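One structure is given here, and the rest of the page talks about it.
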Amino acid sequence: MAKTADLIIDGKTYKLPIVEGTENEVAVDISNLLEEAGVITLDFGYKNTGATKSAITFLDGDKGILRHRGYSIEDLAAKSSFLEVAYLLIFGELPMQDQLDKFSDDIKRHTMVHEDIKKILDGFPSSSHPMGVLASMFCAQTAFYPESLDPNRSAEGVYLSIVRSLAKMPTFAAWAYKNAMGHPVNYPDNSLNYTARFLKMLYALPAEQYEVDPVVADALDKLLILHADHEQNCSTSTVRIVGSSKASIYSSISAGINALWGPLHGGANQEVILMLEAIRKDGGDTEKWINKAKDKNSGFRLMGFGHRVYKNFDPRAKIIKKTADDVLNKLGVNDPVLDIALKLEEVALRDPYFIERKLYPNVDFYSGIIYRALGIPVDMFTVMFAMGRLPGWIAQWKELRENKEPIGRPRQIYTGQNLREYVPIEKR
Ligand code: MLT
């Protein structure tokens, strides 16, 4: 017998279906609540509300579990590559070697962007934040590939859009950086792998022979894996709701880039470094700033601590912390900001104030430190997050489309004025 939940309103009982997932998660299905009971539910920020069923990523906030298509993030970060994880997220299974080779080759074939995109890029002053430039160039693909606007595009056509998205994102990201630096752009060197190709576009200067440091490329590949997907977070939910209107993959993902830009979401890694640099400039007294964080009247909040979903620790943070240690040791980086970060981490992990409030270092706390050690400028940190999250956005957009999910249209509780007559301006 199917399980149900009883909802009693004004003495009348409504039986609501119970839905259970493959990891025994339980939901009350309220799809027909308004029709049957004439009421809706209210859940600011959707913290208690499932928007969909998905087979892509499972996370358990209490146990600190994160899996992609059943594979643990620990396994994937240690043994896989970013393109292989992208394939897994998007197509559901780890690829055979020939499948991965074809995927990588197809991507290489599309790393160039139309020269006219440079006219769009040239329109952005150097003061432009790279995320705004990235979102604009990514969406501009709808102009160069108008067939992507077809809501009923063939599977082959969708595959081409997926490959183009993955191929051109690093080019757009590197060009957004070069635009901020006022430097000429670099074209992709397809003799290199995905992350090395990006690093060379990012850092190579005219008349200089640029060699990609394999330590940096490997660290970046792992960072991209750790950011690849994260269930129904703010930017992914944005991609889904835009995609639910049958908007193209490029405009849906451009919306996700804009959602990720916010300092409470992908912009948090940038805020972490700005916070650490402010503490360093103030003399590096971490105890002083820890006490400010505890003082709710100070208006100061420790960025990079705690998480909306993880209640004990962010599994990605554990992996990224070790990566940070490895990279800094291999690169011989001695960064005073890192010393401050490690002091804050030490206090946060033993201070009852932070422990009681589950304020432990999250993925953003350490990713900013690594990006800084890799020489990536602060304004580019969220762009790196977007590059990593791209396959997750693609996978979620593709799943929504394949499941033929309806257009997203949440309701509200109205709290404004009741009916009143219009008064002509001369009589007000
Ligand atoms: C993410 O990876 O998207 C962030 O941790 C935010 C989230 O999952 O809500």
Side-chain angles (χ1 to χ4, degrees), residues 2-4 16-36 40-41 43 46 48-59 67-70 85-93 95 99 103 106 138-139 141-142 145-166 228-260 389-412:
K3 285 186 186 175
T4 59
L16 304 175
I18 293 286
V19 175
E20 292 190 36
T22 51
E23 288 289 344
N24 306 316
E25 295 167 302
V26 175
V28 177
D29 184 341
I30 58 168
S31 303
N32 300 315
L33 183 61
L34 182 57
E35 185 183 328
E36 290 175 6
I40 62 170
T41 58
D43 182 18
Y46 311 112
N48 306 283
T49 299
T52 188
K53 291 179 180 178
S54 178
I56 299 169
T57 289
F58 168 70
L59 57 85
R67 297 184 198 135
H68 296 317
R69 302 287 189 180
V85 171
Y87 187 101
L88 171 67
L89 286 167
I90 295 166
F91 303 109
E93 296 295 338
Q99 292 171 318
F103 190 52
D106 288 345
F138 201 94
C139 196
Q141 295 181 95
T142 52
Y145 310 113
E147 67 281 4
S148 66
L149 298 173
D150 176 0
N152 304 309
R153 201 163 182 213
S154 68
E156 294 72 20
V158 170
Y159 177 78
L160 180 55
S161 296
I162 288 170
V163 161
R164 279 177 169 149
S165 296
L166 287 162
D229 191 51
H230 211 240
E231 202 217 53
Q232 304 307 315
N233 60 85
C234 176
S235 55
T236 299
S237 298
T238 302
V239 170
R240 275 187 170 260
I241 203 158
V242 172
S244 73
S245 71
K246 291 195 179 293
S248 81
I249 190 171
Y250 301 129
S251 44
S252 301
I253 288 173
S254 178
I257 293 170
N258 281 296
L260 187 73
R389 187 52 49 88
L390 178 61
W393 288 333
I394 292 171
Q396 301 267 355
W397 178 89
K398 180 171 175 283
E399 182 179 66
L400 164 108
R401 177 192 174 90
E402 288 170 348
N403 292 347
K404 296 180 172 42
E405 293 190 18
I407 185 169
R409 205 295 186 197
R411 303 304 301 270
Q412 64 167 29

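In this chain, residues are counted from 1 in sequence order. Worth saying up front: this structure is predicted, and the values here are computed from it rather than measured.
Here the side chain of Asp29 pairs no donor or acceptor atom with the backbone of Pro17 at under 3.5 angstrom. With hydrogens and angles disregarded, a donor-acceptor distance shorter than 3.5 Å links the side chain of Ser54 to the backbone of Ile56. Panel note: side chain Thr238, backbone Ala255; no donor-acceptor pair is recorded below 3.5 Å. Checking side-chain atoms of Asn32 against main-chain N and O of Glu35 turns up no donor-acceptor pair under 3.5 Å.
For the pair Pro391 and Val85, the minimum side-chain heavy-atom distance is 4.5 Å or more. Contact of the His230 side chain with the Gln232 side chain is not registered, since no non-hydrogen atoms from C-beta on lie closer than 4.5 Å. Between Val26 and Lys3, every side-chain heavy-atom pair lies at or beyond the 4.5 Å cut-off. A 4.5 Å side-chain heavy-atom check between Thr57 and Leu89 finds at least one atom pair inside the cut-off. Between Ile253 and Leu390 there is a side-chain heavy-atom pair separated by less than 4.5 Å. Counting only heavy atoms from C-beta outward, the side chains of Leu33 and Leu16 approach each other to under 4.5 Å. Side-chain contact between Gln99 and Phe103 is absent, with no heavy atoms from C-beta onward closer than 4.5 Å.
Among Asn233, Thr236, Asp229, the single residue meeting the side-chain hydrogen bond (donor to acceptor under 3.5 Å, both in side chains) criterion with Gln396 is Asp229.
The OG atom of Ser244 lies 13.0 Å from the CG atom of Asn403; values are rounded to the nearest 0.5 Å. For the atom pair CD (Glu23) and CG (Leu59), the distance works out to 11.0 Å, reported to the nearest 0.5 Å. Taking CD from Gln412 and CD1 from Ile40, the interatomic distance works out to 7.5 Å, rounded to the nearest 0.5 Å. The distance from atom CZ of Arg69 to atom CZ of Phe58, rounded to the nearest 0.5 Å, is 15.0 Å. Taken to the nearest 0.5 Å, the OG1 atom of Thr22 stands 11.0 Å off from the NZ atom of Lys53. Here CD1 of Ile257 is found 5.5 Å from CZ of Phe138. Values are rounded to the nearest 0.5 Å.
Contacts of Tyr145 classified as ring-ring contact (aromatic ring centres under 6.0 Å, His included), with partners at least two apart in sequence or in another chain: none. Applying the side chain to side chain contact (heavy atoms under 4.5 Å, CB included) test to Ala247 and every residue at least two apart in sequence or in another chain returns Val242, Ser245, Ser251, Ser252. Taking the side chain to side chain contact (heavy atoms under 4.5 Å, CB included) definition, one finds that Ser254 meets it with Ala135, Cys139, Asn258, sequence neighbours left out. Not counting sequence neighbours, His68 has no partner by the ring-ring contact (aromatic ring centres under 6.0 Å, His included) test.
Among pairs with a residue in residues 236-257, those fulfilling salt bridge (Lys or Arg N to Asp or Glu O under 4.0 Å) read Arg240-Glu399, Arg240-Glu405, at least two apart in sequence or across chains.
In terms of heavy-atom proximity, Leu400 sits nearest to Gly243 at CD2-C, 3.4 Å.
The local environment of CD in Glu20 is crowded, with over 12 non-hydrogen atoms from other residues, nucleotides or ligands closer than 6.0 Å.
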Please tabulate, for side-chain N and O atoms in residues 159-166, each donor-acceptor pair with protein atoms closer than 3.5 Å (sequence neighbours left out).
unit_1: Tyr159; atom_1: OH; unit_2: Asp106; atom_2: OD2; d: 2.6
unit_1: Ser161; atom_1: OG; unit_2: Arg153; atom_2: NH1; d: 2.4
unit_1: Ser161; atom_1: OG; unit_2: Gly157; atom_2: O; d: 3.3
unit_1: Arg164; atom_1: NH1; unit_2: Glu147; atom_2: OE2; d: 3.1
unit_1: Ser165; atom_1: OG; unit_2: Ser161; atom_2: O; d: 2.8

